[in-house]
S.K.: 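Quick one: structure below, then a few questions.
Computed from a prediction, not measured in an experiment: that's the story for all the values here.
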Amino acid sequence: MENKKENQKEIRVRFAPSPTGELHIGGLRTALTDFLFVRKNRGKFILRIEDTDQKRIVPGAIERIIEMLEWAGIKIDEGVKFKNNKENTIWEVGDFGPYIQSERLKIYQEYVQKLLNEGKAYRCFCSPERLEKMRKTQQKRKEAPKYDRFCLRLTPKEIEEKIRKKEPYVIRFKIPEGKTSFEDLVYGKIEVNNDILDDPIILKSDGFPTYHLAMVVDDHLMKITHIFRGVEWLSSAPKHILLFEAFGWRATMPKLIHMPNILNKNRKKLSKREGSVSVLDFKNQGYPPAAIVNFIALLGWNPKTEQEIFTLDELIDQFDIQKMNRAGGVFDIDRLNWISAQHIKKMTINDLYENALPFLREKDFYKNWEKENKLENEEARKEYVKKVLKVERDRLEKFTQTGENNRFFFSDEINIIPDDLRWKNSSNEETKKNLSKAMETLNRLSEKEWELARIEKILLDVAGEKRGDLLFPLRAALTGQKKSPSPFEVAWVLGKDKTLSRIKNALSILE
Ligand code: GLU
């Protein structure tokens with residue numbers, strides 16, 4: 001019975017950000033990988049906050065991280081989350097709390113004491129000045145920077161004396177002799193000689209643990225089964241393994257999966273200098289969360305099929321550690337835009353409307369249009385915007401682009417240049433004739449018959465072979481632009497009255 005339980009050990013994965021600012025793309029990739037793995041294996045996604053470096057804490061960062069995870073559709077099963085989904089009320093849920101490291105100081109201090117008692121850790125009283133001098137000497141001798149274990153040689157009496165005199169100290173883990181080898185599920189087997197490892201500080205003079213110790217203690221106590229994290233931590237992994245070992249936890253330690261850096265187009269590590277790297281920036285730019293998730297997920301692994309567009313459920317279904325890459329994925333904004341366009345194309349008009357409206361409402365051209373409010377009521381306004389979206393849906397890469405290239409939908413002040421109305425070598429007279437023809441044709445449709453398919457058919461029938469002659473001036477008359485959705489679509493959105501009055505206006509310009 002007991003054995004069976006052990007075999008079916010629940011998968012528990014933690015996302016463990018430090019609250020030092022906005023969640024960035026790399027962090028979201030880690031969280032997403034955690035989440036896909038956990039959902040695929042019916043495990044738990046845990047949010048743990050690693051705030052042991054008190055100097056770097058940014059107020060409000062925890063809330064922002066939770067907000068961004070929720071925006072991306074990542075649901076927190078355990079740990080730190082919002083109470084009743086109300087933003088800004090943080091609480092901690094689960095049997096392994098607290099989940100915020102600064103609330104666990106006593107626990108860490110106890111475990112550090114254990115290592116001290118067993119001679120596996122030691123107090124270090126070295127001043128920053130001494131350490132700096134040591135480093136400089138090592139540099140001169142071209143040696144790797146490493147603590148010289150000066151304080152390991154202190155006698156118990158000397159230590160007692162220093163403590164009595166209240167000399168500040170840190171606690172270091174004594175790296176044992178030998179070799180450390182382990183298997184990373186992406187990078188494979190890794191082995192290091194312990195003598196290249198520096199005795200890491202595990203408890204700082206302010207009583208706070210360092211990341212190394214807090215992570216090991218928490219991952220053990222919280223029964224974490226897998227650690228997904230950035231490759232920048234790979235070089236610290238041997239220290240962590242030795243710590244697990246020192247506590248007697250090596251056999252049950254979590255599996256390690258390090259993920260390569262996200263790269264820019266020059267195949268260098270993506271950095272802030274390249275523009276947006278925070279998830280909030282992408283949200284504010286109007287990308288649908290499903291598109292960001294689709295794009296980010298594939299930066300870390302390859303589904304090994306032709307499929308490129310995935311919903312979150314499809315990503316969960318396809319996810320497999322075996323498919324994770326060792327080579328860094330390239331953050332290609334053109335690809336993100338393409339993926340985003342595919343997601344928007346698949347949205348229902350109602351969904352698109354709900355998502356695009358907040359962005360539209362920020363734009364002056366839209367605010368003015370709403371203010372002028374020539375439409376009879378709220379319902380009519382909604383219907384009109386939905387029509388615009390129907391026409392634009394296949395052309396949008398992000399919600400912020402709504403209406404941007406087609407402002408003529410929201411303003412009658414369109415700028416018509418007579419030359420733009422004339423098709424190829426057409427004369428003024430011919431252009432006028434064609435515009436009049438379009439007007440008469442469209443006038444034959446009643447308000448009720450003003451449907452896209454009918455508008456298209458009736459105009460094409462009349463144009464016959466000479467499509468350009470009729471449609472080119474019509475487009476210019478309705479939009480004032482050379483590029484726009486088709487004149488049928490534009491006429492359909494504008495409605496009969498506006499369409500006819502814009503043609504009339506163009507005719508008067510040609511007079
Ligand atoms: N707090 C660490 C970070 O933000 C977590 C690393 C880990 O997942 O172990 O990078």
Side-chain angles (χ1 to χ4, degrees), residues 71 73 282-292 294 309 311 337-414 442 445-460 471 474-475 477-481 483-503:
W71 176 75
F282 290 96
K283 175 176 183 257
N284 289 344
Q285 283 174 43
Y287 288 102
I292 292 289
N294 187 162
I309 302 304
T311 62
N337 288 338
W338 180 80
I339 288 177
S340 185
Q342 310 312 308
H343 278 272
I344 290 179
K345 257 184 215 169
K346 291 204 294 187
M347 290 177 91
T348 64
I349 285 299
N350 284 340
D351 247 10
L352 180 55
Y353 174 79
E354 295 301 333
N355 279 285
L357 191 63
F359 292 98
L360 205 46
R361 286 208 154 126
E362 293 293 309
K363 314 242 175 184
D364 284 337
F365 69 80
Y366 184 81
K367 283 188 211 162
N368 290 336
W369 177 78
E370 260 202 345
K371 223 187 289 157
E372 286 169 17
N373 200 11
K374 304 233 177 75
L375 294 166
E376 51 279 24
N377 56 38
E378 176 66 15
E379 217 30 57
R381 182 197 58 76
K382 210 165 161 176
E383 283 317 304
Y384 185 82
V385 175
K386 283 187 186 178
K387 276 187 175 173
V388 173
L389 288 170
K390 254 187 204 157
V391 167
E392 290 194 331
R393 181 168 49 186
D394 284 358
R395 301 168 173 90
L396 294 176
E397 289 174 333
K398 33 190 173 171
F399 302 132
T400 28
Q401 290 169 345
T402 310
E404 205 53 72
N405 293 325
N406 303 315
R407 297 192 184 190
F408 52 81
F409 283 138
F410 299 100
S411 167
D412 292 326
E413 283 164 36
I414 53 174
L442 287 169
L445 290 177
S446 68
E447 298 274 359
K448 262 204 163 148
E449 293 165 332
W450 200 260
E451 289 159 9
L452 182 53
R454 278 184 195 242
I455 295 169
E456 181 165 354
K457 180 160 190 322
I458 199 170
L459 283 172
L460 287 180
L471 300 181
L474 179 59
R475 174 203 299 272
L478 297 183
T479 68
Q481 298 178 185
K483 262 189 168 173
S484 75
S486 72
F488 320 120
E489 290 168 301
V490 177
W492 173 66
V493 174
L494 290 175
K496 185 174 175 182
D497 281 354
K498 224 162 226 179
T499 300
L500 296 185
S501 84
R502 286 197 187 177
I503 302 175

S.K.: Go through the steps for F488 and L471 under the test side-chain contact (heavy atoms from CB on, under 4.5 Å), then give the verdict.
M.R.: CA-CA 9 Å; F488 320 120; L471 300 181; 3.7 Å; yes

S.K.: With rounding to the nearest 0.5 Å, note down the distance linking CD in Q342 to CD in E397.
M.R.: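 Reported value, rounded in 0.5 Å steps: 9.5 Å.
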
S.K.: Are any of the side-chain heavy atoms of K390 and L352 separated by less than 4.5 Å?
M.R.: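 Counting from C-beta outward, K390 and L352 never come under 4.5 Å.
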
S.K.: If you look at every heavy atom in Q481 and N405, which pair is closest and at what distance?
M.R.: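 So the minimum-distance heavy-atom pair works out to NE2-O, 3.1 Å.
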
S.K.: How close do W71 and P288 get, counting heavy atoms only, and between which atoms?
M.R.: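 Scanning both residues completely, I find the closest heavy atoms to be CZ2-C, 4.4 Å.
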
S.K.: Assign the ring pair F410 / F365 to parallel, tilted or perpendicular, where the plane angle (0 to 90°) is split at 30° and 60°.
M.R.: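 Geometry flag for F365 against F410: tilted rings.
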
S.K.: Please evaluate residues R381 and E378 with respect to the criterion salt bridge (charged side-chain N to carboxylate O under 4.0 Å, His left out), reporting the C-alpha separation (whole Å), side-chain torsions for both, the decisive distance (0.1 Å), and the verdict.
M.R.: CA-CA 5 Å; R381 182 197 58 76; E378 176 66 15; 2.6 Å; yes

S.K.: For F359 and N284, which heavy atoms make the closest approach, and how far apart are they?
M.R.: CE2-O, 3.4 Å

S.K.: Can you find a heavy atom in the side chain of Y384 that is under 4.5 Å from one in the side chain of L494?
M.R.: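 Side-chain contact under 4.5 Å: yes.
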
S.K.: Could you tell me which non-hydrogen atom of V490 sits nearest to which non-hydrogen atom of F408, and how far apart they are?
M.R.: CG1-CE1, 3.8 Å

S.K.: Could you check whether any side-chain heavy atom of L360 comes within less than 4.5 Å of a side-chain heavy atom of Y353, counting everything from C-beta outward?
M.R.: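 Not touching, per the 4.5 Å side-chain cut-off.
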
S.K.: Supply the atom-to-atom distance S411 OG to N406 CG, rounded to the nearest 0.5 angstrom.
M.R.: 13.0 Å

S.K.: Tell me which donor-acceptor pairs under 3.5 Å the side chains of residues 343-351 have, and how far apart each pair is, sequence neighbours excluded?
M.R.:
from, atom 1, to, atom 2, distance (Å)
H343, NE2, N294, OD1, 2.8
T348, OG1, D351, N, 3.1
N350, OD1, K386, NZ, 2.6

S.K.: Do you know which two heavy atoms are closest between F399 and A356, and how far apart they sit?
M.R.: CB-CA, 4.1 Å

S.K.: Which pair of non-hydrogen atoms, one from I339 and one from A291, has the smallest distance, and what is that distance?
M.R.: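 It is CG2-O, 3.9 Å.
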
S.K.: With a 4.5 Å cut-off on side-chain heavy atoms, are Q401 and E392 touching?
M.R.: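 Side chain of E392 against side chain of Q401, heavy atoms only: no contact under 4.5 Å found.
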
S.K.: Assess the residue pair V385 and W369 against the criterion (side-chain contact (heavy atoms from CB on, under 4.5 Å)); give the C-alpha distance rounded to whole Å, side-chain angles, the decisive distance to 0.1 Å, and a yes or no.
M.R.: CA-CA 11 Å; V385 175; W369 177 78; 4.1 Å; yes

S.K.: Can you confirm whether L442 sits close enough to I503 that some side-chain heavy atom of one is under 4.5 Å from a side-chain heavy atom of the other?
M.R.: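 Yes, close enough: below the 4.5 Å cut-off.
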
S.K.: Could you state the interatomic distance from CG (L445) to CZ (R454), rounded to the nearest 0.5 Å?
M.R.: 7.0 Å

S.K.: Any side-chain heavy-atom pair from L459 and P487 closer than 4.5 angstrom?
M.R.: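 Not touching, per the 4.5 Å side-chain cut-off.
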
S.K.: Please walk me through it: do L460 and E456 pass side-chain contact (heavy atoms from CB on, under 4.5 Å)?
M.R.: CA-CA 6 Å; L460 287 180; E456 181 165 354; 3.8 Å; yes

S.K.: Once rounded to the nearest 0.5 Å, what's the spacing between atom CG of D412 and atom NZ of K498?
M.R.: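 These two atoms lie 4.0 Å from each other.
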
S.K.: Rounded to the nearest 0.5 Å, how far apart are CG of L389 and NZ of K387?
M.R.: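 Result: 12.5 Å between the selected atoms.
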
S.K.: For a 4.5 angstrom cut-off between non-hydrogen side-chain atoms, does K371 reach K367?
M.R.: no

S.K.: Tell me, do T479 and K483 make a side-chain contact under 4.5 Å, heavy atoms counted?
M.R.: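 No, every pair of side-chain atoms sits at 4.5 Å or beyond.
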
S.K.: Return the CZ to OG1 distance between R361 and T402, rounded to the nearest 0.5 Å.
M.R.: 13.0 Å

